[in-house]
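Sharing a structure with you now.
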Amino acid sequence: MSDDWWNDDVPAFVVVGRVNAGKTATLATLLEVDDDAVLRVSATPGETTEVQPLPVIYDDEEWIRFFDSPGFQQPVEAMREIERMAGDGTPGPDEVRRFVEECRDDYPDEVRLLEPIVKGAGILYVVDPCKPLRDSFVAEIEILRWSGRPRLALLNPQGPPNEHEEAWRERLGTSFNLVRTFDAHEAKYDERRKLLLSLLQIEERHAGRIEHVIEAMEREWDQRREDAAEALVDFLEKSLTLRTREGLDERDQGVPTRRERKEEALIAEYYGKLAKFEAACLDRWLDTYRHHLIAADIDPAAHRGLDLATEETWRRWGLNRWQLIAAGAVAGGAAGAAFDLGVGVHSLGAGTVIGALGGGTAAFLKGGKLPELKIKLGGGLKWNAGDGETLVVGPPKNPNFPWVLLDSMLVRYRSILARAHGRRDLSPLDEGGDGFARGFDSGRRSLLQKWFSSCLKGSPDRGREPEVFAELLECLEEVEEA
Ligand SMILES: Nc1nc2c(ncn2[C@@H]2O[C@H](COP(=O)(O)OP(=O)(O)O)[C@@H](O)[C@H]2O)c(=O)[nH]1
Ligand SMILES: [Mg+2]
């Protein structure tokens, strides 16, 4: 390692444990590194051969330094060696130091990981509590205890809970300052923050610097949420105002198949653009949350997450029919035919509504068969002076369209935030689980409905935008906490 690998002014923590315990994955998740070129997470033992420094830098200054290590290879033999050095006495920091100075040739791995520890680094000992607590692990625990350095044990379960965990907890509890669970494949922001708080607990000497990192991380997290809300407002506005159009000449008007082909092409173009907006927002979110390995995978043909025609979508996302009516009524009858009635839920006899409505919306309100997605000719057929007809497609007349759009994004936001950076699999973002819109209170529903309606009409209400931004920001925070 280069000469400046150690700096007395910067608190340091070295991650140790058995090969494949998940040391590198733990650091990758904690520090949000999803790049194997920086932190190699691998099931192949022996891929990490050096102790690797990972500086935590904010505002051009290094505040904490972590070290990733290859891990113990011969813990039992190393323990015996250190015991031998102590003779009749109990081994302690002096013997561990001597071991580092004298035993590099015979125990290269143990010496490498103990080197920063004897210099003054704190210890993060990663174990898989699903494995039985064998003697070789007890040897590791003993060596680390003898070092006398502040030490935190991290349980990183790589399988379902089993009977071994209790033995681990008991043994670690007697030899470590603190025992915590940190699942390198599952840990989210809150667990990462708690891990840093644990460092504060075991290493008081550098409290100021560790606190600084925690505060910087919290500030950055709020900033990211604001960026995410901005991207979301942008996406909703673009999607709700979207229209595709195409002029029809005399031949198109005369030959029905030509006209139909043009209609279909316009509808496809409409969905293609919608999918692009969706991808742009998700890409921005992934970037904001430092994910480079996974990509937003959107198939415009299936318009995933936006497929209003499937019953599944209706069940999971968007508002239910009465919430929609209420939101529309408050919004002043702006969300399609259903809301033109301008009446509240209570005065609304189903018969009246159905009588007043036609087509898909009526079926929707009745609770019968769900309406099929039909892109109406949004602006109607427009005649431009002299040069024929213009076909305009979008937005779908379905009153739940904006809510389904919003909900499908919130569900993806949840899965982006749930994705731990220590994972190296490429499984797509999980879109499972229910949406959030149905849980919105009426104030939020009506505010958003008013703004949605202005967008759907093609003229977004700019005056309302700050309020909408603040509301969606709050929404994202709720999704994070859900
Ligand atoms: N399921 C699961 N696998 C994990 C977890 N942590 C690490 N792994 C896997 O275990 C293997 C070794 O992980 P790595 O971090 O490279 O271990 P290291 O040798 O201690 O650095 C990799 O294939 C990881 O994906 C975990 O929390 N859950
Ligand atoms: Mg490793």
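Throughout, residue positions are numbered sequentially from 1 according to the sequence presented. Both counts, for ligands and for their atoms, begin at 1 and track the order of listing.
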Judging by distance only, is a nitrogen or oxygen of Asp68 under 3.5 angstrom from one on ligand 1?
no
Option nearest atom 1 (N) of ligand 1 (shortest heavy-atom distance, choices Lys23, His185, Arg18)
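The nearest heavy atom belongs to His185.
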Is it the side chain (CB and beyond), the backbone, both or neither of Thr24 that lies under 4.0 Å from ligand 1, heavy atoms counted?
both
N/O to N/O below 3.5 Å, does that happen between Ala25 and ligand 1?
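Yes, at least one N or O pair falls under 3.5 Å.
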Regarding atom 6 (N) of ligand 1: of the candidates Asn156, Asp425, Asp183, which has the closest heavy atom?
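The residue whose heavy atom sits nearest atom 6 (N) of ligand 1 is Asn156.
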Decide whether Trp6 and Asp8 meet the rule of one side-chain donor and one side-chain acceptor closer than 3.5 Å.
yes
With a cut-off of 2.8 Å, does Thr24 put an N/O/S atom close enough to the Mg ion (ligand 2)?
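An N, O or S atom of Thr24 is closer than 2.8 Å to the Mg ion (ligand 2), so yes.
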Does Gly17 have a heavy atom less than 4.0 Å from any atom of ligand 1?
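Contact absent.
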Which atoms of ligand 1 have any heavy atom of Asn20 under 4.0 Å away?
12 (C), 17 (O), 18 (P), 19 (O), 20 (O)
Honestly, for Pro157 the part within reach of ligand 1 (heavy atoms, under 4.0 Å) is backbone
Consider side chain to side chain donor-acceptor pair (under 3.5 Å). Of His421, His292, Arg423, which one does Asp34 pass it with?
His292
Would you list the pairs meeting ring pair (Phe, Tyr, Trp, His ring centres under 6.0 Å) in which at least one residue belongs to residues 422-441, sequence neighbours left out?
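The answer is none; no pair qualifies.
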Distance-only polar pair, side chains of Ser175 and Arg171, donor-acceptor under 3.5 Å
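Their side chains do contain a donor-acceptor pair, which is all the 3.5 Å distance test asks for.
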So, do Phe13 and Phe67 have ring centers that fall under 6.0 Å from each other?
no
Measuring from non-hydrogen atoms of Ala21 to any atom of ligand 1, is the shortest distance under 4.0 Å?
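Yes, that is the case, since the closest heavy atom of the residue is under 4.0 Å from the ligand.
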Quick one, Tyr107 and Gln73 - any side-chain contact, counting heavy atoms below 4.5 Å?
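Heavy-atom side-chain distance check fails, nothing below 4.5 Å.
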Answer yes or no on whether Arg151 is positioned over the face of Tyr125, meaning its NZ or CZ is under 6.0 Å from the six-membered ring centre and within 45° of the axis.
no
Is there a heavy atom in Gln158 that sits closer than 4.0 Å to ligand 1?
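A heavy atom of Gln158 does come that close to ligand 1.
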